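The next block holds one structure in the form of structure tokens; read it before the comments.
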Amino acid sequence: MPELPEVETIKRQLDRVLVGQKIKLVEKLHKKSFQGESLKVMGKKIVAVKRKAKMIWIDLEGDLNLLVHLKMTGQLIYQGEVGKHTRVVFELSRGRLIFNDLRKFGWIKVVTNQQLQEHFTKLPPDVVDREFTVKYLEKILASTGRAIKLVLLDQQKTGGIGNIYANEVLFCSGIDPRRPANKIIGREVRFLHKYVRQVINQGIKAGGTTASDENFVNVFGKPGRFQNQLLVYENKTVCRRCGAKIIKIKLGGRGTYFCPKCQK
DNA sequence: CGATGTGCCTGGGGGC
DNA sequence: TGCCCCCAGGCACATC
């Protein structure tokens, strides 16, 4: 489940290896995974690779982009081999880019610059952006009584947090994931803001999280390292701070881990 | 309008 | 060993 740190890791690596190359051929192995006319992008040179929220786009010369959402199980692998879950193959001037996606939730779309902007206009600031301030967080928390974890996961409210990092951030902040968002005020908002930034940045620094499903690998097929620093997610043992047993519940249909003693 | 529920998908794992 | 069912969950979309 690539979240902001995993997508950012992939984006940085793609930017290093793809820029300057030309797309020679697009092979669509699964129709739904590639939307738009592949003919339009063949022969185009790659100018840059960028990210917004959990999306990556490959900026091509002229007015075209390849917008990518990896959703749950998408992988972009440079010089990868075609495998059972390969959905799209890009033959490039000096290499090959493979899009794998076991569960077929992910997609790649051919979009113009204007269509790209339309995808982004309704999105909130990413949590690593300058605009994601304490004040902004305060405002979105005050606007709803939904459980705080659901608000952190809501891509219309905060850009880039997924289930793993939401669990970790709330543990670090000492906040119960079920707490109504509008009951979190003052000092706790400042803590939450601080740990959102800190945990996400640590995740980026560690090259992302490869959880127990081992799905996430980077552009070179290598796992991340943040799983070694996880404090609650998939933790079936005890809290490292107080020794109480970590609890697992369902919240909004998602696995939620927390320490009942440290998180109030 | 906001909140909640459902479907998309496949493979791994538990129960029997 | 095999079969069935549940689970993982980001997001679009439908419904209340």
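No hydrogens, no waters, no symmetry mates; every other heavy atom, side chains included, goes into these values. Keep in mind that this is a model prediction, so the values were computed, not measured. First the proteins, then the strands, lettered A, B, ... as listed; each starts at 1.
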Each base of DNA chain C marked ( ) or [ ] if paired in-strand (Watson-Crick or G-U under 3.5 Å), | if paired to another strand and . if unpaired gives .|||||||||||||||
Heavy-atom neighbours of A/Lys28 NZ exceed 12 at 6.0 Å: yes
Nearest-Å distance for atom pair [atom1]/[atom2], residues [X] and [N]:
{"X": "A/Tyr257", "N": "C/dC7", "atom1": "OH", "atom2": "C1'", "result": "10 Å"}
{"X": "A/His85", "N": "C/dA8", "atom1": "NE2", "atom2": "C1'", "result": "15 Å"}
{"X": "A/Glu3", "N": "C/dG10", "atom1": "CD", "atom2": "P", "result": "6 Å"}
{"X": "A/Glu6", "N": "C/dA8", "atom1": "CD", "atom2": "P", "result": "18 Å"}

Exactly one of A/Lys205, A/Arg51, A/Lys54 clears salt bridge (charged side-chain N to carboxylate O under 4.0 Å, His left out) with A/Glu8, and that residue is A/Arg51
Nearest-nucleotide pick for A/Met72, side chain only, options being B/dT4, C/dG10, B/dT10: C/dG10
Nearest listed nucleotide, side chain of A/Arg146, among C/dA8, B/dT4, C/dG10: B/dT4
Filter on ring-ring contact (aromatic ring centres under 6.0 Å, His included), then keep only pairs touching residues 226-264 of chain A, sequence neighbours left out; what's left? A/Tyr165-A/Phe226, A/Tyr233-A/Tyr257
So which pairs with a foot in residues 168-225 of chain A pass ring-ring contact (aromatic ring centres under 6.0 Å, His included), sequence neighbours left out? A/Phe132-A/His193
Any donor-acceptor pair, under 3.5 Å, between the side chain of A/Arg103 and the base of C/dA8, if you only look at N and O atoms? yes
Test A/Lys149 against every option in A/Thr256, A/Asp176, A/Asp154 by the side chain to side chain donor-acceptor pair (under 3.5 Å) rule and name the one that passes. A/Thr256
